[in-house]
Amino acid sequence: MEQIDEGLIASFPPSESSATRMVQSNASNLRIDDIRPDAVMTNHAAAVMKDVEWLKARSHLFQPVPCPACGTDRPQRLYVKHGTQHNRCPECATQYVSPRAPEALLIDFYAESENAKYWAAHIYPTAQDTRRKRLFGPRAKIAADLAAKYGFQGGVLVEVGAGYGMFCKEAEATGAFRRIIGIEPEKGLAETCASPGVEVIAEGYEFAQFDEKPNMIVCFEVIEHLHDPHKFMQWCADKLAPGGVVMLTTPNGAGFETTTLAERSHTIDHQHINLLNPKSIAQLARRVGFAEVEVTTPGQFDVELVRRAFAEGRVTADVLGPFLTFLARDADEATCNAFQQFLRDTGLSSHMRMIARMGQ
């Protein structure tokens, strides 16, 4: 398991005290089935494989890229999964896909993605109330607390990848922002997002124009899909007002679930082409000019995901070893919860949140 640079995890005083406690309280008994119900996942694998075949048919167009976090171009090959080559950067330990689809091809892919259509038709509608209350509501509370801490209440918030607009509506309900803008390039989602009154820019973030600089930019589970995370983070730094904040969430490539299951993990797939870690995402933020960076790993599902993988036969006792086999097969709920809390506390959960602030 990769070592985590604690100096990069806590680079400025924690900004989330009450908000973080509230998020963990809300999520403490959250289960995967609450946000991704098993009952509607029956045909999901078939949709994923259609996407995999779409990309494989165009793999001759793929291009090699350097590490998306630090720019080092000495990839260490890990394994091939779903026709994509996963590598590790020898400098910052970022896991990334190279060669990968060029940016224009990725845009076409997501416009036609059967997996995206499946989530839109089956998964989000079933779990939207739980997601709104248990995921987006707490995230909106964190955003409001940050606005209060840094003195931009009544400012402008932008969400990149606004989807159905659930976060935007929850952020509006806090009363912390005068204006909330969602960026959503997928036409159908943009229309859905706008229907409850959210202000939407229906195109890629690169083309978004603002008549006033935002004080905060948020994106949730987006950066792992992007062709060029450095380009996106530079865009955030350029667009934010002085003292502005970016908050994003993404899988942690150095987390417990992702490192324990490796290619057996559903987190590691053809769409997640950038798996950063607490050290490398902080380096990336600093590369583009963010002065203050805090990275935490508030994930709830590492132990449950490993236990599921063991129960499904995707990982065996020979791979896990005695202790992790005990955790996957025999540990009681209290032990599992305590271990998950340990992962959160030590920066080793496979779900990661970064909050970064520009200088004044």
Side-chain angles (χ1 to χ4, degrees), residues 1-4 6 9-10 14-41 123 126-127 129-142 145 220-221 249-268 275 277-278 294-355:
M1 190 172 293
E2 300 294 333
Q3 296 295 311
I4 304 300
E6 295 180 359
I9 293 176
S15 59
E16 302 174 50
S17 55
S18 63
T20 298
R21 288 194 297 271
M22 185 272 295
V23 169
Q24 293 181 350
S25 174
N26 273 276
S28 60
N29 61 347
L30 193 64
R31 295 292 179 261
I32 295 169
D33 193 57
D34 295 328
I35 62 170
R36 194 181 63 200
D38 288 341
V40 298
M41 296 296 288
I123 300 173
T126 305
D129 287 342
T130 299
R131 285 175 171 268
R132 178 177 58 81
K133 294 174 183 177
R134 307 289 294 280
L135 296 180
F136 294 109
R139 287 170 176 173
K141 177 66 165 59
I142 292 173
D145 284 357
F220 307 114
E221 285 71 57
T249 61
T250 187
N252 173 13
F256 175 73
E257 185 266 337
T258 48
T259 56
T260 299
L261 298 183
E263 66 266 38
R264 304 168 185 86
S265 167
H266 292 321
T267 302
I268 297 171
L275 288 166
N277 57 62
E294 178 186 14
V295 184
T296 54
T297 62
Q300 301 291 326
F301 299 139
D302 295 75
V303 175
E304 185 180 356
L305 288 168
V306 171
R307 287 172 69 88
R308 281 192 174 210
F310 185 83
E312 294 167 2
R314 287 186 285 120
V315 66
T316 64
D318 289 343
V319 173
L320 292 179
F323 173 73
L324 293 186
T325 298
F326 162 75
L327 190 70
R329 182 181 62 195
D330 303 319
D332 60 20
E333 184 176 4
T335 301
C336 291
N337 289 342
F339 191 78
Q340 187 67 50
Q341 186 63 54
F342 162 78
L343 296 175
R344 288 194 292 271
D345 292 344
T346 56
L348 292 173
S349 165
S350 292
H351 180 68
M352 183 165 61
R353 178 170 62 232
M354 182 184 75
I355 296 170

Hey, could you give me the [atom1]/[atom2] distance between [X] and [Y], rounded to the nearest 0.5 Å?
| X | Y | atom1 | atom2 | answer |
| --- | --- | --- | --- | --- |
| Thr250 | Glu221 | OG1 | CD | 7.0 Å |
| Leu305 | Gln300 | CG | CD | 11.5 Å |
| Ile142 | Ile355 | CD1 | CD1 | 6.0 Å |

Determine yes or no for a side-chain-to-main-chain donor-acceptor pair under 3.5 angstrom, with [X] supplying the side chain and [Y] the backbone.
| X | Y | result |
| --- | --- | --- |
| Thr325 | Gly321 | yes |
| Asn252 | His351 | no |
| Thr258 | Ser350 | no |
| Thr260 | Glu257 | no |
| Asp302 | Ser349 | no |

Of all the heavy-atom pairs spanning [X] and [Y], show the shortest one and how long it is.
| X | Y | answer |
| --- | --- | --- |
| Leu275 | Pro251 | CD2-CB, 3.7 Å |
| Gly255 | Thr259 | O-OG1, 2.6 Å |
| Arg329 | Phe310 | CB-CE2, 3.7 Å |

Taking only residues at least two apart or on different chains, which pairs with a member in residues 310-323 satisfy side-chain hydrogen bond (donor to acceptor under 3.5 Å, both in side chains)?
->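 Non-adjacent pairs meeting side-chain hydrogen bond (donor to acceptor under 3.5 Å, both in side chains): Glu312-Arg314.
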Contacts of type side-chain contact (heavy atoms from CB on, under 4.5 Å), residue Phe339, not counting sequence neighbours |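 Partners of Phe339 by the side-chain contact (heavy atoms from CB on, under 4.5 Å) criterion, ordered by chain and then number, come out as Phe256, Val303, Phe323, Leu327, Phe342, Leu343.
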Considering residues at least two apart in sequence or located in another chain, which fulfil the side-chain contact (heavy atoms from CB on, under 4.5 Å) criterion with Glu263?
->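 With sequence neighbours excluded, Glu263 shows a side-chain contact (heavy atoms from CB on, under 4.5 Å) to Tyr79, Lys81, given in chain and number order.
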Please step through side-chain hydrogen bond (donor to acceptor under 3.5 Å, both in side chains) for the pair Asn337 and Gln341, ending with a clear verdict.
-> CA-CA 6 Å; Asn337 289 342; Gln341 186 63 54; over 6 Å; no
From Arg344, Arg353, Met352, residue fulfilling side chain to side chain contact (heavy atoms under 4.5 Å, CB included) relative to Thr296 |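 Of the listed residues Arg344, Arg353, Met352, the side chain to side chain contact (heavy atoms under 4.5 Å, CB included) partner of Thr296 is Arg353.
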Would a 4.5 Å heavy-atom cut-off, applied to side chains only, mark Leu320 and Val315 as touching?
->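 Yes, their side chains come closer than 4.5 Å.
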Is there side-chain contact between Arg139 and Thr249, with at least one heavy-atom pair below 4.5 Å?
->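 Yes. Closest side-chain heavy atoms under 4.5 Å.
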